[in-house]
Amino acid sequence: MKVGIPSEIAIGEQRVGATPKTVVRLIKKQGFDVYIQSGAGRNSNYSDEEYVSSGATILDSAQDIYEKTDIILKVQAVSDIEIAMMHKGQVSLSYLSPAQNLDILQKLADKGVNAIAMDAIPRISRAQKMDVLSSMANIAGYRSVIESANHFGRFLNGQITAAGKVDPAKVLVIGAGVAGLAAIGTAKSLGAIVRAFDTRMEVEEQIQSMGAKFLSVEIEEDGSTSSGYSKVMSQAFIDAEMALFSEQAAEVDIVITTAQIPGRQAPKLWLDYHVAAMKPGSVIVDLAASSGGNCTETRDGEIYTTESGVTILGKLDQLPSQASQLYGNNLCHLLDDMGKAEAWKIDMNDDVVKRAMVTYNGDVHWPPEPLPVSPQKAKSAASEEANSNIPKEAKSKTKSNSTVISLVLIAALLYFLGLFAPKEFMGHFTVFVLSVFIGWQVIWNVSHSLHTPLMAVTNAISGIIIIGGLLLTEHDLTSPMTIIALVAILVAMINIAGGFFVTNRMLKMFRKG
């Protein structure tokens, strides 16, 4: 089978459907013949010579690419001119925005093209490797911080120098999806004070784990949905949200908005009075600019400064080389799942293919049917809910009862042995049993996040050995019992010292700087 990569003709698009590295994968690992239009990778800093070295064949025109290949790998949706060059049975993989471009879907269906919308890949675990939205959002989140720092014109991190003190910049990230989390991580690593807001309560721990402060309103309402995107919130929640943003507008230096809903205009979250309340020199980066923008003052594809001195970014550098590589990997993963060249198959029973294949055999397949909810997941949730309904007092009582039963059994064992065993043996055996029991109780009740179980066990045992060795040490240093006890104490001390040394090394791994 032949794969074709034409040049992108959309204005401002710098990415390409395949890089020299993904071409090698397409040819050597997947068995395709690859044809690339001359100059297709120029805007992504990939030359024709690099593609030839990777094994691709260079063709002069898009007409040749569309006529001679079976599968087309593109970034942006095909235009009417490109559809005219395509042929029946051809497979196209690209962005399509199917909810907004039903007319393009119909034209592709009429042409007999089997089109896969890469931006319609369902967000399920198996499809993460093909999720182009996540791949590109990760880049956008990173880039939003880098470019905002450039326009901000000041350090993001705080500094104390001989020339004076520089306060750290305050960054607000609205929306904690892939792009938002990437922005949080980048801003935090550069030393900024980061705050984040999201209507989905489930992301609070993710935000806090990255060192940012999670902002919330007093109204208890969760915006989570089964699709992973946020739902439209109630008017009361929106009013509280706007009030929160008004407070933040006067404090923060950089605002990064990432909220988008597939198939709809981006929600308006940062309004004109929020922009007016910001300090001169502040920066807004609107990652939803292409779908209408989260900020009412955003201009898609433009960077400008308002009269009040706030810079608003409606476009970002795509990092075309990196973005093309990630996008090309996503395409290769999907081709892997579809059987590669040897066992190529369009399986409309496959959950991923079925929902991303928006036109097939002359028909439009949009919108797709919803993915079924996993019964096992529902069962687990019910189990957790049932477990959470058990009162803490009941759990504590059960644990106490278990401890009492253990002690009773130990006492019964010691009493039974005491009827027959010598007095000296019973003294040592009692100390041994109680030491093991107490050591087990101490180790079992220590959180695993504090130390590894291996260190806990070895240090506890070593402590018991030292105590036993001290008790058995006699004044006569030449006696066999004293020598054995001293050796035991020495070995146990070495083990404990080594445990603390390793623990200290582990703690240093988590220290910044």
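Nothing fancy with the numbering, it's 1 onward along the sequence. Since the structure is predicted, the reported quantities are computational estimates derived from the model, not experimental observations.
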Does a side-chain N-to-carboxylate-O contact under 4.0 Å join [X] and [Y]?
| X | Y | result |
| --- | --- | --- |
| D351 | R126 | no |
| D336 | R25 | yes |
| R355 | E369 | yes |

note = Exactly one of E82, Q90, M85 clears side-chain contact (heavy atoms from CB on, under 4.5 Å) with I72, and that residue is Q90
With H151, the side-chain contact (heavy atoms from CB on, under 4.5 Å) member among I312, T305, I303 = I303
Take atom [atom1] in [X]; do more than 12 heavy atoms of anything else shown fall under 6.0 Å from it?
| X | atom1 | value |
| --- | --- | --- |
| R154 | CZ | yes |
| K21 | NZ | no |
| K279 | NZ | yes |
| Q235 | CD | yes |
| Y142 | OH | no |

query = Between the side chains of D286 and T257, is a donor N or O closer than 3.5 angstrom to an acceptor N or O?
reply = yes
task = Examine the side chains of T296 and D272 and answer whether a donor and an acceptor come within less than 3.5 Å of each other.
result = no
request  = Assign the ring pair Y95 / Y327 to parallel, tilted or perpendicular, where the plane angle (0 to 90°) is split at 30° and 60°.
outcome  = parallel
ask   = Do the ring planes of W344 and F32 sit parallel (below 30°), tilted (30 to 60°) or perpendicular (above 60°)?
value = perpendicular
ask   = Can you list the steps and then say if I36 with V16 is a side chain to side chain contact (heavy atoms under 4.5 Å, CB included)?
value = CA-CA 10 Å; I36 297 181; V16 64; 5.9 Å; no
task = Nearest 0.5 Å please: distance from the CE atom of M278 over to the CG atom of D253.
result = 7.5 Å
ask   = Is any side-chain heavy atom of L335 less than 4.5 Å from a side-chain heavy atom of L26?
value = yes
Taking all non-hydrogen atoms of both residues, which atom of [X] and which atom of [Y] are closest, and how far apart?
| X | Y | answer |
| --- | --- | --- |
| A77 | L96 | CB-CD2, 3.8 Å |
| R123 | L133 | NH2-CB, 3.2 Å |
| Q37 | S7 | OE1-N, 3.0 Å |
| D119 | S94 | OD1-O, 4.2 Å |
| I104 | V78 | CD1-O, 4.0 Å |
| M242 | H274 | O-NE2, 3.2 Å |

key: Evaluation steps, side chain to side chain contact (heavy atoms under 4.5 Å, CB included), between Q325 and T22   = CA-CA 7 Å; Q325 181 61 45; T22 61; 3.7 Å; yes
key: Side-chain (S321) to main-chain (S44) donor-acceptor, under 3.5 angstrom   = yes
